[in-house]
There are 2 protein chains.
Amino acid sequence: MNIRTICLAILAHGEASGYDLKKNWEDGPFSYLGGASFGSIYPALARLEQDGLIKSREETQPGKPARRVYALTEAGREAFVAEMSVTPEKDIFRSHFGIIALCTPFLPRETIARAIDERLKQQRTEIAQLEPLIEQEQHRSVGWLLEWGIAQFKNEVAFIEANRERLEVLAGSTKPGDRREICGIAHTDSTQAAE
Amino acid sequence: MNIRTICLAILAHGEASGYDLKKNWEDGPFSYLGGASFGSIYPALARLEQDGLIKSREETQPGKPARRVYALTEAGREAFVAEMSVTPEKDIFRSHFGIIALCTPFLPRETIARAIDERLKQQRTEIAQLEPLIEQEQHRSVGWLLEWGIAQFKNEVAFIEANRERLEVLAGSTKPGDRREICGIAHTDSTQAAE
DNA sequence: TCTGCCTATATCGGACCGATATATACCGGA
DNA sequence: TCCGGTATATATCGGTCCGATATAGGCAGA
């Protein structure tokens, strides 16, 4: 699912400028679905227009620079429906916190404790930012998605609070790079393992 | 957090070849922390060695092609600890399913129902793949992280099962691109909105 | 008037992914 | 015996995307 598809999806909600798209990702309810930079959005919009999937008009506004507002064409509506109708791709997910947690045995307990504290703080901040948006979006797909995301964040906070001790005690037990195996898996050439 | 850092993190668990790294991401317990392609791994390893953070040796093995095995140097251990000690970056997350759900009003109910079915199937598959790995990783950081991930997947499945009806009934209510506002937010130039 | 901030568009370098190419070695079947 | 399929292993290339930066107009406040 590339940026062009995402632009189509947002434009399905209503016409918007490139700046609007960026602001929606950053501040709006889309933010936790992943970002999109200006460096992606403007070329994507240009190409979508070139392909006839969106059309644009210049809009002058008092007190602000002129902006170029994009809207779906009929062909764009069809392309949008087509791309939303395929089997959803797997999520793209990468977690710095996860990597740090994975390396707990090779790091001092203090480092792990701080990473956990920061993580809890970050996830609680996310919740605090998303929760007030729900009210005005009840009985709407955006509201449902907000609840979906908030439920995930809350679940993670609860898990970490309940289990952090079990991770922290593992800290600092090993020197980095000492062991020959990776996670007890990986080594397919070891003697066929147990069983 | 770039690929080089991730390579350091895995090599902290033990020496490995580029192929090992890839296999660990794909099949091992790291898989849901995000992928890494050969196109990233090999250049990353080359540069890490150039910078003196890892060292390599050729390893000939009977019945298989020779492989180049990498291990952390002392400088690499220090760089690893330094990069794990900073405040963890925000997760990178992008969800095709989330985008589809967001567009529910503009899509037929059948499409949404199928996307939800597929989503449930995918997340249950993840759970089924990760769960057997826990046993051999108990009381280890990898095991903790597996539990962390599984808890998230299970929570999402539970949420969707409990709330899918509420989303599905919203399907097909609107024509794409008709509304002027995006998600009731976005439009900063609207008349200051309703208090 | 100068500075900083918001709106708005645009571009460029570099990082990264996905596909592909290449090579070795094993195994099973025609 | 040769052929194709599979697993191991390294490497490269095109294209996509991010993050930083440039540019520019208008406004508010010092």
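In what follows, chains carry the letters A, B, and so on, assigned in the order in which the sequence lines appear, proteins first and then strands, with residues in each chain numbered from 1. Side chains included, hydrogens not; waters and symmetry mates left out as well; all remaining heavy atoms used.
Ring centroid separation for the pair B/F159 and A/W144 comes in under the 6.0 Å cut-off.
Within the structure, no pair that satisfies the salt bridge (charged side-chain N to carboxylate O under 4.0 Å, His left out) test touches residues 32-56 of chain A, not counting sequence neighbours. Each ring-ring contact (aromatic ring centres under 6.0 Å, His included) pair with one or both residues in residues 52-84 of chain B, not counting sequence neighbours, would appear here, but there are none. Judged as a side-chain hydrogen bond (donor to acceptor under 3.5 Å, both in side chains), the pairs with a partner in residues 153-163 of chain A (not counting sequence neighbours) are, in order, A/R119-A/E156, A/Q123-A/E156, A/R124-A/E161, A/E131-A/K154, A/N155-B/Q152, A/E156-B/W148, A/N163-A/R166.
For A/K23 and C/dT9, the NZ to P distance is 12 Å, given to the nearest whole Å. The separation between A/F93 atom CZ and C/dC17 atom P is 15 Å, rounded to whole Å. Rounded to whole angstrom, the span from the CG atom of A/L45 across to the C1' atom of C/dA8 amounts to 13 Å. Note: CZ (B/R68) to C1' (C/dT24) measures 16 Å, nearest angstrom. What separates CD1 of B/I6 from C1' of C/dC16 is a distance of 11 Å, to the nearest Å. One atom, NZ of A/K22, and another, C1' of C/dT9, lie 13 Å apart when rounded to the nearest Å. Rounded to an integer number of Å, the gap from CZ of B/R67 to P of D/dA7 is 18 Å. For B/L21 and D/dT8, the CG to P distance is 15 Å, given to the nearest whole Å.
Between B/Y42 and D/dA11, a side-chain N or O to OP1/OP2 separation shorter than 4.0 Å is absent. Proximity of B/Q61 to the phosphate of D/dA9: a side-chain N or O atom is located under 4.0 Å from OP1 or OP2. Of the side-chain N and O atoms in B/Y19, none sit less than 4.0 angstrom from OP1 or OP2 of D/dT10.
With sequence neighbours left out, the side-chain hydrogen bond (donor to acceptor under 3.5 Å, both in side chains) criterion links B/Q50 to no other residue. Evaluation of the salt bridge (charged side-chain N to carboxylate O under 4.0 Å, His left out) rule for B/K90 yields A/E126 as partners, not counting sequence neighbours. With sequence neighbours left out, B/E58 forms a side chain to side chain contact (heavy atoms under 4.5 Å, CB included) with B/A66, B/R68.
Listed here is the closest heavy atom pair of B/L72 and B/A12: CD1-CA, 3.8 Å. Residue B/A16 comes nearest to B/L11 through the heavy atom pair N-CD2, 3.8 Å, listed as atom of the first residue, atom of the second, then distance.
Here A/E26 pairs with A/K22 in a salt bridge; the nearest charged N to carboxylate O distance falls below 4.0 Å.
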Restricting to nitrogen or oxygen on both sides, can you table the protein-nucleotides 15-21 of chain D pairs closer than 3.5 Å?
from, atom 1, to, atom 2, distance (Å)
D/dT16, OP1, A/R47, NH1, 3.4
D/dC17, OP1, A/I3, N, 3.0
D/dC18, OP1, A/G35, O, 3.3
D/dC18, OP1, B/R94, NH2, 3.2
D/dC18, OP2, A/S40, OG, 2.3

Could you pull out the protein-nucleic contacts involving nucleotides 25-30 of chain D (nitrogen or oxygen on both sides, under 3.5 Å)?
none

Between the protein and nucleotides 1-6 of chain D, which nitrogen or oxygen pairs are less than 3.5 angstrom apart?
none

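Counting non-hydrogen atoms under 4.0 angstrom, A/A66 reaches the backbone sugars and phosphates but no base.
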Please list every donor-acceptor pair under 3.5 Å in which a side-chain atom of residues 81-89 of chain A meets a protein atom from a residue at least two apart or in another chain.
from, atom 1, to, atom 2, distance (Å)
A/E83, OE1, A/T5, OG1, 2.7
A/S85, OG, A/V81, O, 2.6
A/E89, OE1, A/M1, N, 2.7
A/E89, OE2, A/M1, N, 2.6

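Taken over five-pair windows at either terminus, the axes of the helix from C/dT1-D/dA30 to C/dA30-D/dT1 are inclined to one another by 0° (rounded to 10 degrees).
Annotation for A/F38: hydrophobic cluster partners, listed by chain and number, are A/Y19, A/Y42 (ILVMFWY side-chain heavy atoms under 4.5 Å, direct or chained).
Few gaps surround CD on B/E74; more than 12 heavy atoms of other groups in view lie less than 6.0 Å from it.
We find the CG-CG distance between B/L33 and B/L145 to be 5.0 Å, quoted to the nearest 0.5 Å.
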